[in-house]
S.K.: 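This is the structure, below, for whatever I ask next.
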2 protein chains.
Amino acid sequence: MSLRIALLGLLEAVGPASGYDLTKKFEHSLNHVWQAGHTQIYPELVKMAADGLVEASSEGVRGRKIYTITSEGARQLHTWLVEHEPVFVVRNETALQAFLLPLLSTEEAIAVVERIKAGYAARLAVLDCQPADLGQYALRLGLAQVRTGLEWAEETLAALRSR
Amino acid sequence: MSLRIALLGLLEAVGPASGYDLTKKFEHSLNHVWQAGHTQIYPELVKMAADGLVEASSEGVRGRKIYTITSEGARQLHTWLVEHEPVFVVRNETALQAFLLPLLSTEEAIAVVERIKAGYAARLAVLDCQPADLGQYALRLGLAQVRTGLEWAEETLAALRSR
DNA sequence: CGGTACATGTAAGACGTTACATGATTCA
DNA sequence: TGAATCATGTAACGTCTTACATGTACCG
């Protein structure tokens, strides 16, 4: 469902696009929100066309297919955006590592948290030089979450070191 | 992989347990880190036993089966905890909603962010009365992330209202 | 004796990843 | 002409959800 919404949202926001274009959008502007590769996107667009949510133009240069959102697609997107209830399904490998830190020695735990900290820092660097055109609100949320992770790593290192 | 790690970690931390016990742990102490229901946990334990990571005792009362982590299981758990590289795969429906907020009218966007804010507040209430025995570090991280989400909602509401 | 919690499972389908496969265009 | 990028797809496999299915023990 969410993949559909993301694709509809991009088509609504940036206008008609190919599967290839949409894949690039996922890599660059949507990557801190949702992830999908072309092997998931191409078949989904075909199904969405079958369901009347998008329309495919005839093939252009290099077999390029341009998809356009339909009014039914726009309607379903709007309904989802306005009515979707927030669900908190968390599946976070880093948090799992953090959960199990007490099973490690202090030295091992410090090394692990150092690595996590470096990961958050790298992530922050990526988000910091991200254009804030569409998705400005989500980018702020993403930045805040990553900074929180970085702070957690610093506090946890301090706690482990004073043990 | 991560489901295995979570199960091995619980068995290592709390000692031998049944699939039912582990399912309850997922519901109560691991729910802000990883999620899995009994329909995923029972078959996974069978596979893990086949792979020599856990051992099942003969059946107890009410068909209860107690699993114990093996030394090979403990070894693989330790290796993962120490060597796992952080990956940032984000698939966050709330962030997707936030990403697409600009497609809504100000009134609609405010209503959506109010709902998200209430969701974060409810989540915070759940985490706040969570025992911090095992998983103390992850709980701190979870709490910090939820508070950050709540702050983001408040700032975003302020920005939308002054528009 | 009836409801709740205990306790385990299977199966279908949706969703996501990785590997494989193909061909066109552009630019150095 | 060779490499990079554009552009699309399939198939196998793994993970996760939902629905179905069954039976035991305890407590009021």
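Naming convention: chains lettered A, B, ... in sequence-line order (proteins, then strands); numbering from 1 in each chain. Values in this document were obtained by computation on a predicted structure and should not be read as measured data.
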S.K.: With clusters built from Ile, Leu, Val, Met, Phe, Trp and Tyr whose side-chain heavy atoms come within less than 4.5 Å, directly or transitively, what are the remaining members of the cluster of B:V126, listed by chain and number?
M.R.: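 None; B:V126 is a cluster of one.
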
S.K.: Take atom CD of A:E27 and atom P of D:dA7, then tell me their distance rounded to the nearest Å.
M.R.: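 Distance, rounded to whole Å: 13 Å.
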
S.K.: Which other residues end up in the same hydrophobic cluster as A:Y20, if Ile, Leu, Val, Met, Phe, Trp and Tyr are linked when side-chain heavy atoms come under 4.5 Å apart?
M.R.: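 A:Y20 shares its hydrophobic cluster with A:Y42.
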
S.K.: Compare every heavy atom of A:A138 with every heavy atom of B:A95, then report the nearest pair and how far apart it is.
M.R.: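 That would be O-CB, 3.6 Å.
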
S.K.: With a sphere of 6.0 Å drawn around CD of A:E55, does it hold more than 12 non-hydrogen atoms of other residues, nucleotides or ligands?
M.R.: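 Incorrect, the count does not exceed 12.
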
S.K.: Output the rounded distance in Å from NE2 (A:H28) to P (D:dT5).
M.R.: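 These atoms are roughly 11 Å apart.
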
S.K.: Round to the nearest Å and state the distance from B:M1 atom CE to C:dT18 atom P.
M.R.: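 Checked: the CE to P distance equals 14 Å.
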
S.K.: Which residue pairs satisfy the side-chain hydrogen bond (donor to acceptor under 3.5 Å, both in side chains) criterion with at least one member in residues 94-107 of chain B, sequence neighbours excluded?
M.R.: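 Matches after skipping sequence neighbours: B:S105-B:E108, B:T106-B:R163.
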
S.K.: Between the axis at one end of the helix from C:dC1-D:dG28 to C:dA28-D:dT1 and the axis at the other (five pairs apiece), what's the angle to 10 degrees?
M.R.: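 Overall, the helix from C:dC1-D:dG28 to C:dA28-D:dT1 bends by 20° from one end axis to the other.
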
S.K.: What is the distance, rounded to the nearest whole Å, between atom CH2 of B:W34 and atom C1' of D:dT17?
M.R.: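 To the nearest whole Å, that distance equals 15 Å.
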
S.K.: Round to a whole Å and report the spacing from CG of A:L3 to P of D:dC16.
M.R.: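 Answer to the nearest Å: 17 Å.
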
S.K.: Ignoring hydrogens and angles, tell me if any N or O in the side chain of A:W152 forms a donor-acceptor pair with the backbone of B:Y137 under 3.5 Å.
M.R.: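 Indeed, once roles are kept as given, a pair shorter than 3.5 Å links the two residues.
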
S.K.: Without decimals, in angstroms, what is the distance between A:L96 CG and D:dT15 P?
M.R.: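 Answer to the nearest Å: 14 Å.
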
S.K.: Going by salt bridge (Lys or Arg N to Asp or Glu O under 4.0 Å), name the residues that satisfy it together with B:E27, two or more places apart in sequence or in a different chain.
M.R.: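 With neighbours one apart ignored, the set is B:K24.
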
S.K.: Give the rounded distance in Å between these two atoms: NZ of B:K47 and P of C:dT10.
M.R.: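 Atom NZ in B:K47 sits about 11 Å away from atom P in C:dT10.
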
S.K.: Under a 3.5 Å distance rule, please check whether A:R115 uses its side chain to pair with a backbone N or O of B:V82 as donor and acceptor.
M.R.: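 Indeed, once roles are kept as given, a pair shorter than 3.5 Å links the two residues.
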
S.K.: Can a side chain N or O of A:R91 be found less than 4.0 Å away from OP1 or OP2 on D:dT17?
M.R.: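 True: A:R91 side-chain N/O within range (under 4.0 Å) of D:dT17 OP1/OP2.
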
S.K.: Nearest nucleotide by nearest heavy atom, which residue falls closer to the 5' end of DNA chain C, B:P43 or B:V89?
M.R.: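 Residue closer to the 5' terminus by nearest nucleotide: B:P43.
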
S.K.: Take the protein atom CD of B:E93 and the nucleotide atom C1' of D:dC16, then report the distance between them rounded to whole Å.
M.R.: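 Checked: the CD to C1' distance equals 14 Å.
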
S.K.: Which pairs, protein N/O on one side and nucleotides 2-9 of chain C N/O on the other, fall under 3.5 Å?
M.R.:
| residue | atom | partner | partner atom | Å |
| --- | --- | --- | --- | --- |
| C:dC6 | OP2 | B:Y20 | OH | 2.6 |
| C:dC6 | O5' | B:Y20 | OH | 3.2 |
| C:dC6 | O4' | B:R62 | NH1 | 3.3 |
| C:dC6 | O3' | B:R62 | NH2 | 3.4 |
| C:dA7 | OP1 | B:R64 | NH1 | 3.3 |
| C:dA7 | OP2 | B:R64 | NH1 | 2.8 |
| C:dT8 | OP1 | B:K65 | N | 3.0 |
| C:dT8 | OP2 | B:Y20 | N | 2.6 |
| C:dT8 | OP2 | B:Y42 | OH | 2.9 |
| C:dT8 | O4 | B:H38 | NE2 | 3.4 |
| C:dG9 | OP1 | B:K65 | NZ | 2.0 |
| C:dG9 | N7 | B:H38 | NE2 | 3.3 |
| C:dG9 | O6 | B:H38 | NE2 | 3.1 |

S.K.: Just to verify, which of A:D21, A:I66, A:L11 counts as forming a side-chain contact (heavy atoms from CB on, under 4.5 Å) with A:P16?
M.R.: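 Checked A:D21, A:I66, A:L11 against A:P16; only one passes side-chain contact (heavy atoms from CB on, under 4.5 Å): A:I66.
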
